[in-house]
Amino acid sequence: MSEKKIKEKVKRRERIIASLKRHEPFLGGFNPEIHTGEVQSRLDKIEAKFEEFEEVQEEIAELDAEGNYEEECNESYKEFEKLYYRLRAALLSKLTPEPAVAELNNTRNGQALGVHTGVRLPQISLPEFDGDYKGWLSFKSTYVSLIHESVELSDVQKFHYLKSALRGEAAKLIESLTLTNENYIIAWDTIIKRYSNEYLLKKRHLQALMEYPKVDKES
């Protein structure tokens, strides 16, 4: 019975991926004078599909007690995630205004970029995050408390801190976004959606527990 249910979930998952792919012709033939009004509704739809996909993945994981579909689920998630972020970035680019030249205040030696002249940024040592799920919760907690919730920093300054703290896979997710106040919200939301994934977090924690060395002797 569970095998039949899993196959039904897999088909539902395939339909979700197919529904996202239907947005590609729209982007390929995008005309600002005609299609701009459709962008937000399409963004809302792919956000809903993202949540639906994660829900299906969790349902499959719960039914798959023996782990026969684990590798397939991981591969499907990679495919979906790559498609989702590509579409999302493309759609957001149709909404995001061009950055104003006067908005950015370039400074040397890695100093933050700010819109407030004379602002002296606090000396903060942030942990780095390279996309490893094991370090996500610690990084998120520190970053949110020190930077994201700070009322003294502008969004563009927060964006600079975020970019400087990310490495590897995590940095690539937002490397195409320019440093602007508007893009900070987009960048942070992208990182949150990528790494605050309950399904993958559970999987990574379970794998970590399984890999923990066995105790040979009682202590």
Side-chain angles (χ1 to χ4, degrees), residues 1-28 30 39 42-94 128-140 143 162-163 165-177 186-213:
M1 180 63 72
S2 61
E3 184 72 18
K4 181 180 179 180
K5 288 184 178 179
I6 290 175
K7 288 183 178 179
E8 290 174 354
K9 301 294 182 184
V10 169
K11 287 183 179 179
R12 181 184 168 195
R13 186 178 65 190
E14 291 172 352
R15 289 195 296 270
I16 295 171
I17 294 174
S19 71
L20 253 67
K21 289 181 178 179
R22 287 197 288 271
H23 293 281
E24 292 180 318
F26 169 80
L27 288 165
F30 184 80
V39 174
R42 288 178 179 272
L43 276 168
D44 293 340
K45 284 183 178 180
I46 70 168
E47 293 292 342
K49 290 299 177 183
F50 185 94
E51 294 179 4
E52 185 181 351
F53 184 87
E54 289 198 321
E55 180 183 323
V56 174
Q57 287 283 78
E58 288 192 19
E59 290 172 354
I60 294 174
E62 290 173 2
L63 292 168
D64 185 27
E66 297 180 357
N68 296 327
Y69 287 82
E70 182 175 352
E71 184 175 350
E72 181 186 340
C73 280
N74 289 336
E75 289 302 315
S76 180
Y77 193 92
K78 289 178 183 177
E79 177 190 354
F80 174 83
E81 194 176 51
K82 184 177 180 180
L83 175 63
Y84 165 78
Y85 284 116
R86 179 165 55 81
L87 289 174
R88 185 171 181 272
L91 287 167
L92 285 171
S93 70
K94 309 303 181 186
E128 294 180 353
F129 178 65
D130 61 3
D132 187 341
Y133 278 85
K134 289 184 289 186
W136 165 245
L137 293 179
S138 175
F139 170 79
K140 178 186 174 185
Y143 179 84
L162 180 61
K163 272 183 172 282
L166 298 180
R167 298 288 182 272
E169 174 192 286
K172 289 180 181 179
L173 288 175
I174 62 171
E175 66 181 358
S176 63
L177 294 173
I186 296 171
W188 180 238
D189 186 49
T190 297
I191 297 298
I192 285 290
K193 284 186 175 295
R194 173 65 175 83
Y195 295 106
S196 289
N197 181 286
E198 291 188 7
Y199 172 77
L200 289 180
L201 284 172
K202 289 176 183 176
K203 286 288 185 182
R204 296 299 188 277
H205 286 306
L206 182 59
Q207 288 173 1
L209 288 173
M210 296 297 289
E211 294 170 0
Y212 199 79

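In this text the structure is predicted, and so the values were computed from the model without any measurement. Residue numbers start at 1 and run along the sequence shown.
Partners of E72 under the side chain to side chain donor-acceptor pair (under 3.5 Å) rule, at least two apart in sequence or in another chain, are R13. For K163, the side chain to side chain contact (heavy atoms under 4.5 Å, CB included) partners are F159, I174, L179, not counting sequence neighbours. Contacts of F80 classified as ring-ring contact (aromatic ring centres under 6.0 Å, His included), with partners at least two apart in sequence or in another chain: F53. Applying the salt bridge (Lys or Arg N to Asp or Glu O under 4.0 Å) test to E8 and every residue at least two apart in sequence or in another chain returns nothing. For E75, the salt bridge (Lys or Arg N to Asp or Glu O under 4.0 Å) partners are K78, not counting sequence neighbours. Listed by chain and residue number, E128 satisfy the salt bridge (Lys or Arg N to Asp or Glu O under 4.0 Å) test with R167 (two or more places apart in sequence, or in another chain). For Y143, the side chain to side chain donor-acceptor pair (under 3.5 Å) partners are Y184, not counting sequence neighbours. Shown here are the side chain to side chain contact (heavy atoms under 4.5 Å, CB included) partners of D44, two or more places apart in sequence or in another chain: Q40. Checked against side chain to side chain donor-acceptor pair (under 3.5 Å), D189 has the following partners two or more places apart in sequence or in another chain: R88.
Here the side chains of V10 and E14 are in contact, with some heavy-atom distance below 4.5 Å. No side-chain heavy atom of Y69 sits less than 4.5 Å from a side-chain heavy atom of L63. Residues Y77 and Q57 form a side-chain contact, since some pair of their non-hydrogen atoms from C-beta on lies under 4.5 Å apart. Residues I191 and W136 have side chains in contact (heavy-atom distance under 4.5 Å, counting atoms from C-beta outward).
Nearest heavy-atom pair across I60 and K9 is CG1-CB, 3.4 Å. Closest non-hydrogen pair, Y84 versus K193, comes out as OH-CD, 3.1 Å. In plain terms, the two heavy atoms of G131 and A170 that are nearest each other are N-CB, 3.9 Å.
A distance of 13.0 Å separates NZ of K172 from CG of L166, quoted to the nearest 0.5 Å. Note: L177 CG to T190 OG1 = 6.5 Å, rounded to the nearest 0.5 Å. How far CD1 of I186 is from CG of L92: 4.5 Å, rounded to the nearest 0.5 Å.
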Test side-chain contact (heavy atoms from CB on, under 4.5 Å) on E52 and R15 and set out the steps. CA-CA 11 Å; E52 185 181 351; R15 289 195 296 270; over 6 Å; no

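Taking the centre of each ring, F129 and Y195 come in below the 6.0 Å mark.
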Got a list of side-chain donor-acceptor pairs under 3.5 Å for residues 16-27, not counting sequence neighbours?
residue	atom	partner	partner atom	Å
S19	OG	I16	O	2.5
H23	ND1	R42	NH1	3.0
E24	OE2	R86	NH1	3.3
E24	OE2	R86	NH2	2.8

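By the 4.0 Å N-to-carboxylate-O rule, K5 lies too far from E59 to be salt-bridged with it.
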